[in-house]
Amino acid sequence: RMNPSPEFTLYAKLEWMSPFGSVKDRAGLYLILDAETGQRGYLLTARAEYLTPYREAQEEVHATLGRLHGYFDTLPDKAPAMRDLEKLVQAKLSELDTTLRLFDEGREDAWRAVLSSGIGKEQMDAFRKSSQTLMTDETRRVDEERRGIYQVLAQSRVGVGTMTAL
């Protein structure tokens with residue numbers, strides 16, 4: 001029985017309906033910011049402990065992309081946008097990795113040139129825009145499905161009420 005008492009309304013959170021509905025997935029998607037922060041900390045201090053959040057963020061970003069792919073690949077109209085988002089993430093991670101590699105090789109002018117070029121900011125801006133578009137579209141789609149579920153539940157209540165009255 002969905003609602004055991006007519007005196008209160010029962011709400012359920014259906015995270016499975018949206019890959020962005022889970023706090024873990026939203027946080028996982030934005031772990032790229034942790035990777036960038038770890039990279040910058042390492043570049044500023046040369047202390048290896050800054051690479052820990054960088055490496056952890058990279059692993060979680062890949063896991064999150066896998067979950068998102070599993071979901072968006074079932075939606076033909078969104079699969080291309082997901083592939084574009086993944087390309088943006090890979091480009092950003094590659095830029096971070098290149099900068100760290102150049103730093104470790106002692107090529108200060110080269111890593112500073114990459115950092116100063118503005119490419120990292122451009123990549124983050126494109127990533128933010130792409131992920132926000134996907135989230136907005138998905139939230140809209142889930143809201144439409146939720147309204148459909150509420151309509152079915154309302155019709156069921158009417159049907160149960162009618163059957164009870166008979």
Side-chain angles (χ1 to χ4, degrees), residues 11-150:
Y11 294 95
K13 183 176 180 187
L14 304 174
E15 286 189 356
W16 57 268
M17 289 185 71
S18 170
F20 296 111
S22 165
V23 171
K24 180 179 179 185
D25 288 338
R26 282 192 304 270
L29 189 60
Y30 290 105
L31 279 171
I32 197 165
L33 295 174
D34 288 345
E36 187 174 56
T37 301
Q39 175 240 29
R40 298 289 169 107
Y42 180 68
L43 294 175
L44 290 172
T45 66
R47 292 172 44 193
E49 61 262 25
Y50 282 99
L51 293 177
T52 300
Y54 167 80
R55 289 184 180 117
E56 289 173 353
Q58 277 194 324
E59 289 174 19
E60 184 59 32
V61 163
H62 290 297
T64 298
L65 284 173
R67 286 191 299 272
L68 291 173
H69 259 301
Y71 179 80
F72 284 111
D73 287 350
T74 66
L75 303 171
D77 62 322
K78 298 298 176 212
M82 182 60 221
R83 286 191 296 275
D84 290 345
L85 178 66
E86 183 174 31
K87 288 177 187 173
L88 292 168
V89 169
Q90 295 303 332
K92 180 60 183 171
L93 292 177
S94 177
E95 176 257 324
L96 295 174
D97 187 56
T98 298
T99 306
L100 290 174
R101 184 178 40 77
L102 293 170
F103 180 86
D104 287 341
E105 291 171 357
R107 298 172 59 192
E108 184 171 345
D109 290 342
W111 71 260
R112 286 187 183 276
V114 172
L115 217 58
S116 300
S117 71
I119 193 167
K121 182 183 181 323
E122 291 171 14
Q123 290 170 335
M124 283 303 294
D125 290 346
F127 166 75
R128 283 186 183 103
K129 182 179 179 185
S130 179
S131 62
Q132 185 60 46
T133 299
L134 265 176
M135 283 191 281
T136 300
D137 290 350
E138 182 59 13
T139 298
R140 188 177 304 116
R141 190 189 67 75
V142 169
D143 286 344
E144 289 170 9
E145 286 185 7
R146 189 175 292 130
R147 279 191 293 278
I149 290 171
Y150 292 153

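Because the structure is a prediction, the values reported are computed rather than measured.
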How long is the straight-line distance from OH of Tyr50 back to CD of Gln39, given to the nearest 0.5 Å?
13.0 Å
Is the shortest side-chain N to carboxylate O distance from Arg55 to Glu59 below 4.0 Å?
no
Minimum heavy-atom distance Thr99-Trp111, with the two atoms named
O-CB, 3.6 Å
Going by side-chain hydrogen bond (donor to acceptor under 3.5 Å, both in side chains), name the residues that satisfy it together with Asp97, two or more places apart in sequence or in a different chain.
none
When the ring centroid of Tyr42 is compared with that of Phe103, is the distance short of 6.0 Å?
yes
Thr64 vs Arg67, test: side chain to side chain donor-acceptor pair (under 3.5 Å). Steps then yes/no.
CA-CA 5 Å; Thr64 298; Arg67 286 191 299 272; 3.0 Å; yes
Just how far is it from atom CD of Glu95 to atom CE of Met124, taken to the nearest 0.5 Å?
10.0 Å
Does a salt bridge link Asp125 with Lys121, judged by any charged N lying under 4.0 Å from a carboxylate O?
yes
Only counting residues at least two apart or in another chain, list the ones meeting side-chain hydrogen bond (donor to acceptor under 3.5 Å, both in side chains) with Glu108.
Arg112
Main-chain N/O of Arg128 paired with Ser131 side-chain donor or acceptor, under 3.5 Å:
yes
Hey, what do you get for CD (Glu138) to CG (Leu75), rounding to the nearest 0.5 Å?
6.5 Å
Closest heavy-atom pair and its distance - Leu31, Ala57
O-CB, 3.2 Å
Would you call Val114 and Arg107 a side-chain contact if the rule is heavy atoms closer than 4.5 Å?
no
Could you state the interatomic distance from CZ (Arg40) to OG1 (Thr45), rounded to the nearest 0.5 Å?
13.5 Å
Is the closest side-chain heavy-atom distance between Leu93 and Gln58 below 4.5 Å?
yes
Are the side chains of Phe72 and Leu134 in contact, using a 4.5 Å heavy-atom criterion?
yes
For the residue pair Leu100 and Leu51, establish whether any side-chain heavy-atom pair is separated by less than 4.5 Å.
yes
So, the side chain of Ser94 versus the backbone of Gln90: is there a donor-acceptor pair under 3.5 Å, distance only?
no
Using distance only, find each side-chain donor-acceptor pair of residues 76-89 under 3.5 Å and give its atom names and separation, not counting sequence neighbours.
residue, atom, partner, partner atom, Å
Lys78, NZ, Asp137, OD2, 3.2
Glu86, OE1, His69, NE2, 2.5

OG1 (Thr37) and CG (Leu96) are apart, to the nearest 0.5 Å, by 9.5 Å
